[in-house]
J.: 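Have a look at the structure that comes next, please.
Order of the sequence lines sets the chain letters (A, B, ...), proteins ahead of strands, with each chain counted from 1.
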Amino acid sequence: MNYKIPRGTYDIMPKDSARWHHVIDTFRLVAQRFGYEEITTPIFEMAALFERSSGESSDVVQKEMYRFEDQKGRTFALRPEGTAGVVRSYIEKSLDRLGGKSKFYYIGPMFRYDRPQAGRYRQFYQYGAEFIGSNHPYYDAEVIALEMQFLAELGLKNVSLEINSVGCAQCSQAYDEALRAYYQPHLEELCPDCQNRFEIRPRRLLDCKVPFCKSLRPDAPSQLDYLDQDCKEHFTEVQNYLDQMGIVYQVNPAIVRGLDYYSNTAFELIVDALGAQNAIAGGGRYNGLISQLGGKDTPAVGFAGGFERLLLALEKEGITGYEPISPTIFVIGIGAETRLLTLEYISKLRQDGIYVDYNPDKTSFKAQMKAADASQARYALIIGEDELASGRPTLKDLESSKQHSVDYQQLLDILK
RNA sequence: GUGGAUGUAGUUCAAUGGCAGAGCGCUGGAUUGUGGUUCCAGUCGUUGCGGGUUCGAGCCCCGUCAUCCACCCCA
């Protein structure tokens, strides 16, 4: 074996495809029910788009982006997330100037150069939804409801929703300063990571696992105390809508989205059974992003979820049963002289919409019967000397072992 | 990017530094044109890759690649 699959990637083999289709189909169905429409954007964009949207300081931009130059020296990047492309498209198509509301959903591969682990890949698949065009707290709740409905429809149970508000740019900045003021006296004692976080993203100090850093956390200021009136009201309203929709959640002030463009509502869906990679979906509001990317100032909210982790979570709950489809009938031709008739039946049945299997490598009748059994087909169609002479093949029910001769129309009636 | 564990047949796993094995799978057979169960036979190896130590390495050492776990981060 000379060629190997790139690190952090994997093949979705036919035996897994049925599960993937089921999950994807379910997402499409639920998204459509909420009025969201599919958008498909390129898997690469100008690198600058991601740098400006995710933020120069984010890990995604600093070390996880697959960048490349094309033949003319332009710098592109494989998309590390889905929102930037959707927003780019939204602006480019001048939807911001039309001023209406847009509801998008998307499904596709994302790329991050990160060290692989269970539930973490370099090429991974995300589904997501974006609502663009209103700051109404109902829409924060709507995208959450969409995600929750999707998971409920799949049968996933042990998942918890955690929400937070990171405020607008102003309260967010006020909070960062409050945090710095709080941690400043202990700066020398903090772990090296946290000393670094102190400057770049002080709120990251809150979920450090190092004992000393952790010990400072209970008394640290909370973002919720630094929200201005509008942001506070918005957050309260989001919770009211969730309550009224019967969605259970927990407020967790430590929830911080990794990308810089989030404002106000931030949320995550956690499945504890998954270990370290326990977030199966996350999202939030990004009111500043569209203007930041050159569009007309437009509020928006959305989320993205990871298919790999979702499938792992479903497996943990024993939800795995999406069997591949097996053939309806397996055609057995015995002897070279029956080949013409055999192929005629195979072709006709397929033209009439029947899933037919056949194995020309097996010559003996016995071997073909074994192949029919292995194919999991419900019926076998036997064409040998006798059938050739009478013009009526033998149909055998492989479950009951009963068989009888049929003509084509009878055969079709039984199979359909 | 950091730390740790692992890597042997298609697959799941064995093998004290001394002939690389087993179950499952796969192929064929068990008297005429009938599958599943059973029985018999056969097939399956660059021991991840590259070096080193040794009379001799799957086993010890170094490097490398990959997977898993924990960080980091996140989906």
J.: For B:U38, which nucleotide in any strand shown is its Watson-Crick or wobble partner with both distances under 3.5 Å?
T.: B:A30
J.: Rounded to whole angstroms, how far apart are CD1 on A:Ile5 and C1' on B:G48?
T.: 16 Å
J.: Could you state the atom-to-atom distance from NE2 of A:His404 to P of B:G33 in whole Å?
T.: 23 Å
J.: Should the pair A:Arg112 and A:Tyr66 be classed as cation-pi, given the thresholds of under 6.0 Å to the six-membered ring centre and 45° from the axis?
T.: no
J.: Atom CD of A:Gln117 and atom P of B:G1: how far apart are they, to the nearest Å?
T.: 15 Å
J.: Any side-chain N or O of A:Gln403 under 4.0 Å from OP1/OP2 of B:U34?
T.: no
J.: Between B:U6 and B:C60, how far apart are the two P atoms, rounded to whole Å?
T.: 10 Å
J.: Rounded to the nearest Å, what distance is computed from the CZ atom of residue A:Arg7 to the P atom of nucleotide B:G1?
T.: 8 Å
J.: Is the shortest side-chain N to carboxylate O distance from A:Glu142 to A:Lys103 below 4.0 Å?
T.: yes
J.: Could you identify the nucleotide paired to B:G18, looking across every strand shown and requiring Watson-Crick or G-U wobble geometry with both distances under 3.5 Å?
T.: B:C55
J.: Could you tell me how far B:U37 sits from B:C24 if I compare only their P atoms? Round to whole Å.
T.: 12 Å
J.: Between A:Lys362 and B:G28, is there a contact of a side-chain N or O with OP1 or OP2 at under 4.0 Å?
T.: yes
J.: Please determine if A:Lys348 forms a cation-pi arrangement with A:Tyr408, meaning its NZ or CZ atom is less than 6.0 Å from the six-membered ring centre and no more than 45° off the ring axis.
T.: yes
J.: Quickly work out the A:Ile334 CD1 to B:G35 C1' distance and round it to whole Å.
T.: 13 Å
J.: Would you kindly check whether a donor in the side chain of A:Glu387 faces an acceptor in the base of B:G33, or vice versa, at under 3.5 angstrom?
T.: yes
J.: Between B:U11 and B:C26, how far is it from one P atom to the other, in whole Å?
T.: 15 Å
J.: Grab the CZ-C1' distance between A:Arg309 and B:A75 for me, whole Å please.
T.: 4 Å
J.: Mind checking the C1' distance from B:G42 to B:G3? Whole angstroms is fine.
T.: 48 Å
J.: Using the P atom in both, what is the distance from B:G36 to B:C44, to the nearest Å?
T.: 25 Å
J.: Using a heavy-atom cut-off of 4.0 Å across all strands, would you classify A:Gln277 as base, sugar-phosphate, or nothing?
T.: base
J.: For B:A22 and B:C40, measure between their P atoms and round to the nearest Å.
T.: 14 Å
J.: Hey, does A:Gly8 reach any base, or is it just sugar-phosphate, or nothing, if we go heavy atoms under 4.0 Å?
T.: sugar-phosphate
J.: Atom CD1 of residue position A:Ile5 - does it have more than 12 heavy atoms of other residues, nucleotides or ligands inside 6.0 Å?
T.: yes
J.: Mind checking if A:Glu385 touches a base, just sugar-phosphate, or nothing, with heavy atoms under 4.0 Å?
T.: base
J.: Answer yes if the side chains of A:Tyr10 and A:Glu308 hold a donor-acceptor pair under 3.5 Å, and no otherwise.
T.: yes
J.: On a whole-Å scale, what distance lies between the P atoms belonging to B:A70 and B:A14?
T.: 23 Å
J.: Whom does B:C72 pair with, Watson-Crick or G-U wobble, provided both distances fall under 3.5 Å?
T.: none
J.: Distance between the P atoms of B:A9 and B:U47, in whole angstroms?
T.: 10 Å
J.: Between B:C73 and A:Arg120, counting only base atoms on the nucleotide and side-chain atoms on the residue, is there a donor-acceptor pair under 3.5 Å?
T.: yes
J.: Under 4.0 Å between any heavy atoms, over every strand shown, what does A:Ala372 touch: base, sugar-phosphate, or nothing? Just pick one.
T.: nothing
J.: For B:G35, take OP1 and OP2 only and decide whether either is under 4.0 Å from a side-chain N or O of A:Lys366.
T.: yes
J.: For A:Glu399 and A:Gly119, find the nucleotide of RNA chain B closest to each by heavy atoms; which residue's nucleotide sits nearer the 5' end?
T.: A:Glu399
J.: With heavy atoms under 4.0 Å as the rule, sort A:Phe307 into base, sugar-phosphate or nothing.
T.: nothing
J.: Set out, in order, the CA-CA distance, both residues' side-chain angles and the distance that settles side-chain contact (heavy atoms from CB on, under 4.5 Å) for A:Ile24 and A:Tyr127, then state yes or no.
T.: CA-CA 8 Å; A:Ile24 289 170; A:Tyr127 59 93; over 6 Å; no
J.: Name the nucleic acid region contacted by A:Lys396, choosing base, sugar-phosphate or nothing; use a 4.0 angstrom heavy-atom cut-off, strictly under.
T.: base
J.: Can you check whether any acceptor in the base of B:G33 is under 3.5 Å from a donor in the side chain of A:Ser364, or vice versa?
T.: no
J.: For A:Glu37, look at atom CD and say whether over 12 heavy atoms of other residues, nucleotides or ligands are found less than 6.0 Å away.
T.: no
J.: Could you check which nucleotide pairs with B:A5 in any of the strands shown, counting Watson-Crick or G-U wobble with both distances under 3.5 Å?
T.: B:U67
J.: Of the nucleotides B:G35, B:C74, B:C69, which one has an atom closest to the side chain of A:Leu398?
T.: B:G35
J.: Using a cut-off of 6.0 Å, state whether more than 12 heavy atoms not belonging to A:Gln173 lie near its atom CD.
T.: no
J.: Determine the contact category for A:Ile280: base if any of its heavy atoms lies under 4.0 Å from a base atom, sugar-phosphate if only primed atoms, P, OP1 or OP2 are that close, otherwise nothing.
T.: sugar-phosphate
J.: CG of A:Leu381 versus C1' of B:U34: gap in Å, rounded?
T.: 14 Å
J.: A:Lys370 or A:Glu64: which one's nearest nucleotide on RNA chain B is closer to the 5' end?
T.: A:Lys370
J.: Closer than 4.0 Å, any side-chain N/O of A:Arg115 to the OP1 or OP2 of B:C72?
T.: no
J.: For A:Ile382, answer base if it contacts any base atom (sugar-phosphate contacts may also be present), sugar-phosphate if it contacts only those atoms, and nothing otherwise; contact means non-hydrogen atoms under 4.0 Å.
T.: base
J.: Atom CZ of A:Phe330 to atom P of B:U34: distance rounded to whole Å?
T.: 16 Å
J.: Watson-Crick or G-U wobble partner for B:G50, using a 3.5 Å limit on both distances?
T.: B:C62
